[in-house]
Q: 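This is the structure I have questions about; it appears just below.
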Amino acid sequence: MKTIVSNIEENDDYNKIIKEAGEIIRKGGLVAFPTETVYGLGGDGLNPEASKKIYAAKGRPSDNPLILHICDIKQLEDIAETDDIRIKKLAEKFWPGPLTMVLKKKDIVPKSTTGGLGTVAVRMPNNKLALDLIRAANTPIAAPSANTSGRPSPTNGKRVAEDLDGKIDMILDAGSVEIGLESSIIDLTGEKACILRPGAVTKEMFEEVLGEIEVDRVVKDPSSVKEGYKPKAPGMKYRHYAPKAELKMFRGEEKKVAEEINKLAAEDEKNGLKVGIIASLETAKLYVFGEVVVIGARNDDVEIARNLYEILREFDDKKTDRIYSEVFEDGKLAKAIMNRFSKAASNNIIDIL
Ligand code: TXA
Ligand code: MG
């Protein structure tokens with residue numbers, strides 16, 4: 001299949017492109033588009049054929065449900081039960097934005113979109129292009145992150161093309177995204193709201209609106225999957241976001257962490273392995289082996305979140321064998337950053353005492 005790649009920033013025919021993209025979706029085709037979190041791979045969320053194509057293009061297991069993206073609150077009524085005051089409160093506070101709500105679905109939403117579940121995940125993204133596209137398509141757009149299943153999510157159009165060129169109808173390339181990590185997911189189908197995936201809307205922000213809420217066990221303790229716990233967001237059980245290299249993280253006093261990483265990197269290089277190191281602006285100078293990449297200043301969680309996936313993909317490009325990284329546990333986005341980072345590292349976090 002020939003994929004049309006439209007570079008939005010360099011094209012002044014915006015309305016024409018959006019119209020064309022909307023038509024592709026309406027006819028059951030696939031269009032990748034930017035959101036404020038990561039790029040999404042979009043298809044008509046009410047058309048089972050379109051969702052089949054999404055799973056095929058990504059190589060995604062079909063039990064892992066898709067998020068439906070809407071452009072206004074009226075669209076929510078069509079696809080989900082909304083007589084729960086918590087929905088209204090959260091929508092008013094955080095939509096459009098990096099928040100996905102899991103709700104009871106209406107019959108119009110095919111089970112092929114929801115991985116066979118009776119619930120549906122819904123989000124209103126905070127990105128003009130995404131909202132215009134949903135409006136043009138005139139249907140909720142089902143969109144997982146626009147990566148091959150298992151790879152880090154794409155945060156710019158080039159990375160989308162790398163994974164999906166030739167497999168989908170169109171890519172709308174608008175450069176780099178704002179946040180760089182996927183939305184927060186909250187389950188509202190139970191009595192107590194429960195966070196299924198941490199993101200830019202934090203537990204504290206949810207609790208300001210809802211009072212005390214829960215956090216799914218797999219978010220608190222990722223190793224619970226190995227012990228047989230089934231996460232409520234089916235996607236959280238997969239080894240996501242993974243680079244090809246073996247990634248290990250180290251927690252502890254910065255000089256001691258650097259000392260340990262230097263020792264391991266020296267040994268690896270002696271053995272002919274290609275080593276990458278992910279460091280902060282402040283600590284980069286402590287490393288003497290491997291290729292050192294600065295992810296951001298220690299306390300700049302916004303920058304760290306924005307750079308994470310691209311750095312992992314760059315190490316893939318360079319065919320890096322091993323990556324060593326510090327941990328990044330400061331700031332509002334720290335939970336989301338460490339959730340993705342530690343998954344990429346298969347929970348390989350070593351405490352240096
Ligand atoms: O920021 C985002 O949410 C991005 C952009 C494109 O909007 N999308 C995204 O989609 O991250 P995806 O498919 O990569 O991740 C969706 C997650 C999966 O872990 C999936 O299991 C979970 O949402 N999910 C979807 N529907 C669900 C449902 N009905 N119940 C529980 N979890 C659900
Ligand atoms: Mg994904």
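Counting starts at 1 for both ligands and their atoms, in listed order.
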Q: Parallel, tilted or perpendicular for Phe328 and Phe341, by the 30°/60° rule?
A: parallel
Q: Heavy-atom contacts with Leu117 under 4.0 Å: which atoms of ligand 1 show up? List them by number with element.
A: 28 (C), 29 (N), 30 (N)
Q: With a 4.5 Å cut-off on side-chain heavy-atom distances among I, L, V, M, F, W and Y, is there a chain of contacts connecting Ile134 to Leu172?
A: yes
Q: May I ask you to list the atoms of ligand 1 that are less than 4.0 angstrom from any heavy atom of Pro144?
A: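 Under 4.0 Å from Pro144, ligand 1 has these atoms: 10 (O), 12 (P), 13 (O).
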Q: Does ligand 1 have any atom that is closer than 4.0 Å to a heavy atom of Lys105?
A: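 Outside the 4.0 Å threshold, so no.
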Q: Is it true that the side chains of Ser223 and Asn347 contain a donor and an acceptor less than 3.5 Å apart?
A: no
Q: Could you tell me, atom by atom, which parts of ligand 1 come under 4.0 Å of a heavy atom of Ile67?
A: 3 (O), 8 (N), 9 (C), 10 (O), 16 (C)
Q: Run the side chain to side chain donor-acceptor pair (under 3.5 Å) test against Ser184 and tell me which residues pass, sequence neighbours left out.
A: none
Q: Hey, is Lys58 touching ligand 1 through its side chain, its backbone, both or neither, going by heavy atoms under 4.0 Å?
A: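 Lys58 to ligand 1: no contact under 4.0 Å from either part.
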Q: Are Ser183 and Thr100 linked by a side-chain donor-acceptor pair shorter than 3.5 Å?
A: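 Ser183 vs Thr100: donor-acceptor pair found between side chains.
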Q: Which atoms of ligand 1 have any heavy atom of Ile185 under 4.0 Å away?
A: 17 (C), 22 (C), 23 (O)
Q: Report the residues that fulfil side chain to side chain donor-acceptor pair (under 3.5 Å) with Tyr287, sequence neighbours left out, ordered by chain and then residue number.
A: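 Side chain to side chain donor-acceptor pair (under 3.5 Å) check on Tyr287 returns Glu326.
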Q: Indicate, with yes or no, if Phe33 and Ile171 share a hydrophobic cluster defined by side-chain heavy-atom contacts under 4.5 Å among Ile, Leu, Val, Met, Phe, Trp and Tyr.
A: no
Q: What part of Lys232, side chain from CB on, backbone N/CA/C/O, both or neither, has a heavy atom under 4.0 Å from ligand 1?
A: backbone
Q: With heavy-atom distances below 4.0 Å as the criterion, list the atoms of ligand 1 near Arg197.
A: 2 (C), 3 (O), 9 (C), 11 (O), 15 (O), 16 (C), 17 (C)
Q: State whether the number of non-hydrogen atoms from other residues, nucleotides or ligands found under 6.0 Å of Lys106 atom NZ is greater than 12.
A: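 Counting other residues, nucleotides and ligands, NZ of Lys106 exceeds 12 neighbours.
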Q: With a cut-off of 2.8 Å, does Ser145 put an N/O/S atom close enough to the Mg ion (ligand 2)?
A: yes
Q: For atom 20 (C) of ligand 1, which of the options Thr37, Leu181, Ile54, Asn64 provides the nearest non-hydrogen atom?
A: Asn64
Q: Can you check whether Ser145 has an N/O within less than 3.5 Å of an N/O in ligand 1?
A: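 Indeed, backbone or side chain, Ser145 has an N or O that close.
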Q: Which of the atoms of ligand 1 are close to Ser183, meaning less than 4.0 Å from one of its heavy atoms?
A: 1 (O), 2 (C), 3 (O)
Q: Atoms of ligand 1 less than 4.0 Å from Ala121 heavy atoms?
A: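 Numbered from 1, ligand 1 contributes 25 (C), 26 (N), 27 (C), 29 (N).
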Q: Report, in ascending order of atom number, the atoms of ligand 1 lying under 4.0 Å from any heavy atom of His69.
A: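 Listed by number with element, the hits are 5 (C), 6 (C), 7 (O).
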Q: Going by distance only, is there an N or O of Arg123 that falls short of 3.5 Å from an N or O of ligand 1?
A: yes
Q: Ion pair present between Asp316 and Arg151, side-chain N to carboxylate O less than 4.0 angstrom?
A: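 Counted as a salt bridge, because a side-chain N and a carboxylate O are separated by less than 4.0 Å.
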Q: Scan side-chain atoms only and decide if Ser346 and Asn348 contain a donor-acceptor pair under the 3.5 Å cut-off.
A: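 No, no side-chain donor-acceptor pair sits under 3.5 Å.
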Q: Ala143: heavy atom below 4.0 Å from ligand 1, yes or no?
A: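 Heavy atoms of Ala143 do come under 4.0 Å of ligand 1.
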